[in-house]
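A short write-up of the structure that comes next.
In this text the structure is predicted, and so the values were computed from the model without any measurement. Chain letters run A, B, ... following the sequence lines, proteins first and then strands; every chain starts at 1.
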Amino acid sequence: MLLTPSFFDRPVLDVCPDLLGKFLVTKQGAWMITEVEAYDWVDDLASHARHGKTDRNAPMFWEPWRRYVYLVYGMYWMLNIVTGPGEHPSAILLRWVESLAGPGKLTKHLEISKKYNGQLADKKTWLWIEDRGVIVKKNQIACLPRIGIDYAGEWAKKEWRFLIKKYSI
DNA sequence: ACGATGATGAAC
DNA sequence: TTCATCATCGTA
């Protein structure tokens, strides 16, 4: 079952645990999502939205269910899905899917780049998220600090990286 | 353990 | 104009 805007039009910290166990689907196949990170609003010092809207981060300020794809360190594409509530500038970084360990490897393997930025995560553009009936219980989920954002002060300590314990290293 | 990678945007 | 960044891979 395709996940639609109502799933994503909620606070990002509520959507994150619900995304674990869902499937990322492309022309190449379907992969179960096993690790994600939340970036919440403009006062989260780790979020690209922290300095307001720019050319790069504009999709974060649009409505939920859009994709936010950007290049990091001049090398790797990062795939995010925008969440709510409403046009609250928040997004979820997809870090791992089953057998593809790492946000940069994930996008490289699935050939996800700039051309996927800003669009709705629907079937027209061949990159969407499905519920395939996998149930992930709360006690199977671990919450840890986010990766690569040590500069973010108090925000760096927030345990906004969600993963299925079974798939952690 | 560390440098290279090289787009984007903030700080200077 | 310079510097840091939501990562990964070579080389040591």
Query raised in the report: Hey, are W65(A) and E63(A) close enough side-chain-wise for a donor-acceptor pair under 3.5 Å?
Result: no
Query raised in the report: Any chance the side chains of R67(A) and T125(A) put a donor and an acceptor closer than 3.5 Å?
Result: yes
Report task. Provide the distance between the two P atoms, one in dT11(C) and one in dG6(B), to the nearest whole Å. Result -> 16 Å
Query raised in the report: Does D44(A) have any salt bridge (charged side-chain N to carboxylate O under 4.0 Å, His left out) partners at least two apart in sequence or in another chain, and if so, which?
Result: R146(A)
Query raised in the report: Reading DNA chain B 5' to 3', what string of ( ), [ ], | and . shows its pairs, if Watson-Crick and G-U wobble pairs count only when both distances fall under 3.5 Å?
Result: |||||.|||||.
Requested in this report: Indicate, with a heavy-atom threshold strictly under 4.0 Å, whether L93(A) touches base, sugar-phosphate, or nothing.
Outcome: base
Report task. Report which part of the nucleic acid K108(A) touches: base, sugar-phosphate, or nothing (heavy-atom distance under 4.0 Å, all strands). Result -> nothing
Query - Atom P, compared across dA4(B) and dC3(C): separation rounded to whole Å - result: 15 Å
**Report entry** ring pair (Phe, Tyr, Trp, His ring centres under 6.0 Å) partners for W62(A), two or more places apart
**Finding:** none
Query raised in the report: How would you list, by chain and number, every residue that makes a side chain to side chain contact (heavy atoms under 4.5 Å, CB included) with V82(A), sequence neighbours excluded?
Result: R66(A), Y68(A)
Report task. Going by the side-chain contact (heavy atoms from CB on, under 4.5 Å) test, name the single residue among L93(A), L71(A), V69(A), L106(A) that passes it with M78(A). Result -> L93(A)
Query raised in the report: Sub-3.5 Å donor-acceptor pair from the side chain of S90(A) to the main-chain atoms of W41(A), do we have one?
Result: yes
Query raised in the report: In whole Å, what separates the P atom of dG3(B) from that of dA4(C)?
Result: 14 Å
**Report entry** Polar side chain donor-acceptor pair, N57(A) to H51(A), under 3.5 angstrom
**Finding:** no
Query raised in the report: Rounding to the closest angstrom, what is the interatomic distance between dT8(C) and dG9(B) at atom C1'?
Result: 22 Å
Report summary line: Nt span of DNA chain C in reach of chain A heavy atoms at under 4.0 Å, 5' end first, is dT5(C) to dC9(C)
Query raised in the report: Which residues satisfy the salt bridge (charged side-chain N to carboxylate O under 4.0 Å, His left out) test with D18(A), sequence neighbours excluded?
Result: R10(A)
Query - ring pair (Phe, Tyr, Trp, His ring centres under 6.0 Å) against W77(A), all qualifying residues, sequence neighbours excluded - result: none
So which protein nitrogen or oxygen atoms get under 3.5 Å of nucleotides 2-6 of chain B's nitrogens or oxygens?
from   : atom 1 : to     : atom 2 : distance (Å)
dG6(B) : O4'    : G74(A) : O      : 3.4

**Report entry** All side chain to side chain contact (heavy atoms under 4.5 Å, CB included) counterparts of K137(A), not counting sequence neighbours
**Finding:** N139(A), Q140(A)
Query raised in the report: Is there a residue in residues 22-46 of chain A whose heavy atoms reach under 4.0 Å of DNA chain B, and which residues are they?
Result: none
Please write out each protein N/O paired with an N/O of nucleotides 9-12 of chain B under 3.5 Å, distance rounded to 0.1 Å.
from   : atom 1 : to     : atom 2 : distance (Å)
dG9(B) : OP1    : T54(A) : OG1    : 2.9
dG9(B) : OP1    : D55(A) : N      : 3.2
dG9(B) : OP1    : R56(A) : N      : 2.3

Query raised in the report: Could you walk me through whether E35(A) and R161(A) pass the salt bridge (Lys or Arg N to Asp or Glu O under 4.0 Å) check?
Result: CA-CA 7 Å; E35(A) 181 173 320; R161(A) 177 158 61 106; 3.2 Å; yes
Requested in this report: Could you list all the salt bridge (charged side-chain N to carboxylate O under 4.0 Å, His left out) pairs where at least one residue sits in residues 46-59 of chain A, not counting sequence neighbours?
Outcome: none
